[in-house]
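See structure below.
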2 protein chains.
Amino acid sequence: MNKKQSLPWDHPRFRSWIAVARACQLMQQSLTRSLADLDIKPPHLDILVNLYRFEGISQQELARKLLVGRSNMSMLLPQMEKRQLIERRGDERDKRVLRLYLTGEGRKVTEAAMAIQTDLIERTLADEPIEQCMATATSMERIIATLLKDLRDDD
Amino acid sequence: MNKKQSLPWDHPRFRSWIAVARACQLMQQSLTRSLADLDIKPPHLDILVNLYRFEGISQQELARKLLVGRSNMSMLLPQMEKRQLIERRGDERDKRVLRLYLTGEGRKVTEAAMAIQTDLIERTLADEPIEQCMATATSMERIIATLLKDLRDDD
DNA sequence: ACAATAAAGTACAACGATGAACAAAAAGCA
DNA sequence: TGCTTTTTGTTCATCGTTGTACTTTATTGT
């Protein structure tokens, strides 16, 4: 078979995904820069946002939502607690789990950071039609479901 | 102003981008697993693919394409050279630059790895219509251009 | 031609993420 | 009840990435 004909770049799905990956990489770098003013990084923002939405979540649940290991949370959370952004309180029913809460300061930082992120996204995607964005969202959520399903199947 | 009304998740572009980012994260993890058989990781694949397409590229140019620092290349490339995947030869015109080439073994590994990646992507995006993929590709390439332009402007 | 500036690559220290081994607590089960 | 298994969180060693300082080579300007 001819090599040229089978080059991955000729496959629409492949090309499309490579573009998605590069865009993500760039957006992440840009977000990192934008968040520097608040002295936090994207992983911190991920945590803050989840505490903002799901107050009292456990470290385990948080790690699962963020698709990272538990040890990652064990490294990041104490340092965020020292910075007074979050608070960890033991669950009385189950003494193993630590439940996580935003402090007042943490809530302020979260809102500021979300504003920065929202602004960055709105600015960068300004030229994309809303319908296209919504179609992409639907598409991506389906892909996420597929990948999560594959993950569970591998256990 | 009402907090509920201004939550970022209500913005279509924001929701859409969060989905993109999560999908990327999952795809990356899945790719890492799939490449384990070949004993390489996504960064190595990125390098190999670029050498496959652009033989004789310099470390600097490669770093630029991959959106990483030069020092990153200085760490990864010697180790790939020891594994006989690539070769580094000094440019005769300019003694500062090292030009990069795939070895026969490197070419074989690259083709095997690209097959794995293509298969993963085709499988995961199987349910997405081709037109949607192409629209997403166009969209993402526009976004990449925007972000790259912002990067240069910040210098 | 020569000093100053820029560019390519390297070395290194600091930071983040990961997975495995571990301790404490809860749940399941005989 | 008492023993085993599971779950939650931590610790630690390892690895990858980053930014900075540094060396060597080209280029620029006078």
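Chain naming here is simple, since letters A, B, ... match the order of the sequence lines and numbering starts at 1 in each.
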| field | Donor-acceptor pair under 3.5 Å, B:S71 side chain vs D:dG19 base | value | yes
| task | In plain terms, say whether B:K95 and B:D91 are close enough for a salt bridge, that is, a side-chain N and a carboxylate O under 4.0 Å apart. | result | no
| Spacing of A:D39 atom CG relative to C:dC15 atom C1', expressed in whole Å | 13 Å
| Presence of salt bridge, B:R83 and B:E81, under 4.0 angstrom | no
| query | Is there a side-chain polar atom (N or O) of A:Q59 under 4.0 Å from OP1 or OP2 of D:dT8? | reply | no
| said: Nearest whole Å is fine: how far is D:dT10 P from A:M73 CE? | reply: 11 Å
| message | Among C:dG9, D:dT18, D:dT17, which nucleotide has an atom closest to any side-chain atom of B:V68? | response | D:dT18
| Between C1' of D:dC12 and CZ of A:R70, the distance in whole Å | 15 Å
| field | Distance in angstrom units between A:D94 CG and C:dA27 C1', rounded | value | 10 Å
| Distance check: side-chain N/O of A:R93 vs OP1/OP2 of D:dT8, anything under 4.0 Å? | no
| said: It should be established whether B:R88 places a side-chain nitrogen or oxygen under 4.0 Å from OP1 or OP2 of nucleotide C:dA8. | reply: no
| field | Spacing between A:Q60 atom CD and D:dT6 atom P, to the nearest angstrom | value | 15 Å
| Starting at CG of A:L76 and ending at P of D:dG9, how long is that distance when rounded to a whole Å? | 14 Å
| task | Could you tell me whether B:R15 and A:E141 have a side-chain N and a carboxylate O separated by less than 4.0 Å? | result | yes
| query | Where the side chain of B:K41 is defined as all heavy atoms beyond and including C-beta, which of D:dG9, D:dC12, D:dG16 is the nearest nucleotide? | reply | D:dG16
| request: Could you say whether A:K95 or A:H44 is positioned toward the 5' end of DNA chain C, judged by the nucleotide with the nearest heavy atom to each? | output: A:H44
| message | Surrounding CZ of B:R13 (heavy atoms of other residues, nucleotides or ligands, distance under 6.0 Å), is the total greater than 12? | response | yes
| field | Donor-acceptor pair (no angle test) under 3.5 Å: B:R96 side chain, D:dT24 base | value | no
| remark: In whole angstroms, the gap separating C1' of C:dA8 from CZ of B:R89 amounts to 18 Å
| message | Heavy atoms only, 4.0 Å cut-off, all strands: where does A:P78 land among base, sugar-phosphate and nothing? | response | nothing
| request: Considering only NZ, NE, NH1 and NH2 on the basic side and carboxylate oxygens on the acidic side, decide whether A:R107 and A:E55 come within less than 4.0 Å. | output: yes
| field | Separation of atom CD1 in B:I40 from atom P in D:dC15, rounded to whole Å | value | 18 Å
